[in-house]
Amino acid sequence: MARRLVEAGATVTLVDSLVPEYGGNRFNIQGLENRVRVNISDVRDPYSLRTHVTGQDVLFNLAGQTSHLDSMEDPFTDLEINCRAQLSILETCRKFNPGVRIVFASTRQIYGRPERLPVDERHPLRPVDVNGINKLAGEFYHRLYHDVYELPACALRLTNTYGPRMRIKDARQTFVGVWIRLLLEGKPFEVWGGQQLRDFTYVDDCVEALLLAAVRPQAAGQIFNLGGGEVTSLVDLARLLVEVNGGGQFVQREFPADRKRIDIGDYYADDALIRQTLGWQPHVSLRDGLKQTLDFFRTNLDHYR
Ligand SMILES: NC(=O)c1ccc[n+]([C@@H]2O[C@H](COP(=O)([O-])OP(=O)(O)OC[C@H]3O[C@@H](n4cnc5c(N)ncnc54)[C@H](O)[C@@H]3O)[C@@H](O)[C@H]2O)c1
């Protein structure tokens with residue numbers, strides 16, 4: 001996101017806590033160090049938010065605790081970051097910059113186990129984990145602040161997003177990250193279950209959607225699903241990854257019990273609304289996206305382990 005904004009000539013401030021358990025990585029801004037302002041601070045700290053928000057045209061509200069399992073083991077940290085801090089960000093915007101356009105990264109996790117496929121924005125919301133509930137509250141706060149205070153906020157419900165610079169040292173962001181790391185380390189990776197259907201968004205396509213949501217006035221107050229071009233089962237994804245890598249191995253096994261309890265089964269999005277309203281469409285195929293991701297990490301693996 002920051003790279004794309006800098007290329008477009010924007011003045012960019014990055015706010016990140018860089019807590020080691022989460023996805024922040026200084027190497028991600030290699031080459032950009034002198035072109036962005038970096039502020040190491042935590043969105044749970046309401047006092048620093050005012051400085052960050054004042055005077056900005058756009059706020060890409062992406063900071064979050066992303067691990068579903070962590071949210072079950074430590075629900076209050078997830079609550080603080082994904083729920084309470086979101087309200088505090090919006091309150092700060094309302095008081096000090098009510099015109100700021102806010103794009104919030106919501107998640108398909110809030111739907112829970114789909115009742116029907118593909119899932120459109122009118123599908124019932126029934127999260128299966130604490131993270132889903134807190135992200136849902138975060139999203140609803142954004143909608144509320146639009147409806148009541150006319151803050152130009154919108155939300156994108158992201159699905160599995162992948163690409164260069166993602167977190168691969170563990171599965172806290174997505175299982176795809178661990179698969180990629182193990183593959184590049186020459187180790188077999190595990191596919192749990194395997195028949196689950198999922199859709200994937202390549203990072204550049206996701207960034208494009210976030211940008212469109214920021215610049216198109218018709219996005220304000222809207223909630224959009226973001227999907228991808230292709231739907232695939234996890235076992236087919238694993239096969240494709242091995243093929244694109246030119247080798248590698250995986251093993252299929254039963255879901256671990258703690259994961260099974262919070263698994264959502266099959267999911268893929270109906271993202272017609274964002275396509276029609278903002279003119280978004282994905283440009284990078286799953287095969288090309290995986291290739292670009294593997295190429296990046298092959299060269300830069302040591303910075304992400
Ligand atoms: N990647 C996906 O597949 C996906 C899917 C659905 C939703 N999302 C949402 O997109 C957003 C971005 O996720 P990502 O995939 O880029 O993950 P990420 O972990 O790479 O990025 C999140 C960033 O937030 C920072 N952060 C965490 N807690 C913070 C805090 N308290 N204060 C300041 N910074 C903090 C982390 O250091 C990290 O850099 C998240 O809100 C996530 O819920 C991502």
Side-chain angles (χ1 to χ4, degrees), residues 1-3 13-29 36 38-49 52-53 59-68 70-71 74 76-89 92 102-111 119 127 129-139 141-142 155-180 198-207 209-210 213 223-228 264 267 269 271 289 293 304:
M1 185 88 238
R3 279 172 201 280
T13 302
L14 298 171
V15 177
D16 201 303
S17 60
L18 287 184
V19 171
E21 287 78 22
Y22 303 149
N25 185 333
R26 278 195 176 272
F27 187 74
N28 282 345
I29 56 162
V36 294
V38 179
N39 203 314
I40 311 299
S41 69
D42 199 300
V43 293
R44 284 170 288 185
D45 172 9
Y47 301 104
S48 61
L49 287 175
H52 306 323
V53 162
L59 167 60
F60 293 99
N61 188 4
L62 312 176
Q65 193 300 107
T66 60
S67 164
H68 301 155
D70 284 8
S71 82
D74 178 10
F76 294 104
T77 298
D78 197 275
L79 179 77
E80 287 294 317
I81 298 174
N82 289 327
C83 182
R84 193 175 207 285
Q86 302 309 315
L87 186 57
S88 158
I89 289 168
T92 310
I102 307 171
V103 184
F104 174 66
S106 182
T107 171
R108 60 109 213 269
Q109 195 68 8
I110 67 177
Y111 293 114
V119 174
D129 55 32
V130 167
N131 178 263
I133 291 178
N134 294 330
K135 291 291 289 188
L136 176 58
E139 182 196 289
Y141 285 140
H142 283 75
L156 267 52
R157 291 177 180 162
L158 309 182
T159 185
N160 289 284
T161 308
Y162 74 101
R165 303 188 178 84
M166 69 191 288
R167 181 182 182 86
I168 59 166
K169 70 176 160 194
D170 55 33
R172 282 194 164 97
Q173 193 176 40
T174 146
F175 61 91
V176 187
V178 187
W179 287 10
I180 287 171
R198 290 294 152 83
D199 52 1
F200 297 86
T201 316
Y202 186 66
V203 62
D204 290 1
D205 288 328
C206 178
V207 166
L210 294 163
I223 307 294
F224 299 109
N225 278 347
L226 197 65
I264 59 164
Y267 174 91
D271 58 15
T293 309
Y304 291 89

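Numbering of ligands and ligand atoms starts at 1, following listing order.
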Evaluate the criterion side-chain hydrogen bond (donor to acceptor under 3.5 Å, both in side chains) for residue pair T13 and H52; output intermediate values, then yes/no. CA-CA 8 Å; T13 302; H52 306 323; over 6 Å; no
So between N28, T174, T66, N25, whose heavy atom ends up nearest atom 42 (C) of ligand 1? T66
Judged by atom type as modelled, is there a donor-acceptor pair below 3.5 Å linking the side chain of N225 to the main-chain atoms of A269? no
Run the ring-ring contact (aromatic ring centres under 6.0 Å, His included) test against F224 and tell me which residues pass, sequence neighbours left out. none
Tell me whether the rings of H142 and F104 are parallel (<30°), tilted (30 to 60°) or perpendicular (>60°). parallel
N or O pair under 3.5 Å between R108 and ligand 1: no
Heavy atom under 4.0 Å from ligand 1: found in K135's side chain, backbone, both, or neither? side chain
Taking atom 11 (C) of ligand 1 as the reference point, the nearest protein heavy atom with its distance: L62 O, 3.0 Å
Please state which part of A85 comes within less than 4.0 Å of ligand 1, counting heavy atoms only: side chain, backbone, both or neither. neither
Under 3.5 Å between any N/O of L158 and any N/O of ligand 1: does that happen in this structure? no
Donor-acceptor pair, R167 side chain versus N25 backbone, under 3.5 Å? no
Would you call T159 a ligand 1 contact, heavy-atom distance under 4.0 Å? yes
For a side-chain hydrogen bond (donor to acceptor under 3.5 Å, both in side chains) check, start with the C-alpha distance between D129 and S71, then their side-chain angles and the critical distance, and finish with the verdict. CA-CA 7 Å; D129 55 32; S71 82; 4.6 Å; no
With sequence neighbours left out, the residues meeting side-chain hydrogen bond (donor to acceptor under 3.5 Å, both in side chains) with D42 are R44
Would you check the N or O atoms of V43, main chain and side chain alike, for any that come under 3.5 Å of an N or O of ligand 1? yes
Option set N160, T77, I40, D16, criterion heavy-atom distance to atom 37 (O) of ligand 1, minimum: D16
Which ligand 1 atoms does R44 reach within 4.0 Å, using its non-hydrogen atoms? 31 (N)
For T161, counting its heavy atoms only, list the atoms of ligand 1 lying under 4.0 Å from any of them. 1 (N), 2 (C), 3 (O)
G24 N/O to ligand 1 N/O under 3.5 Å: yes
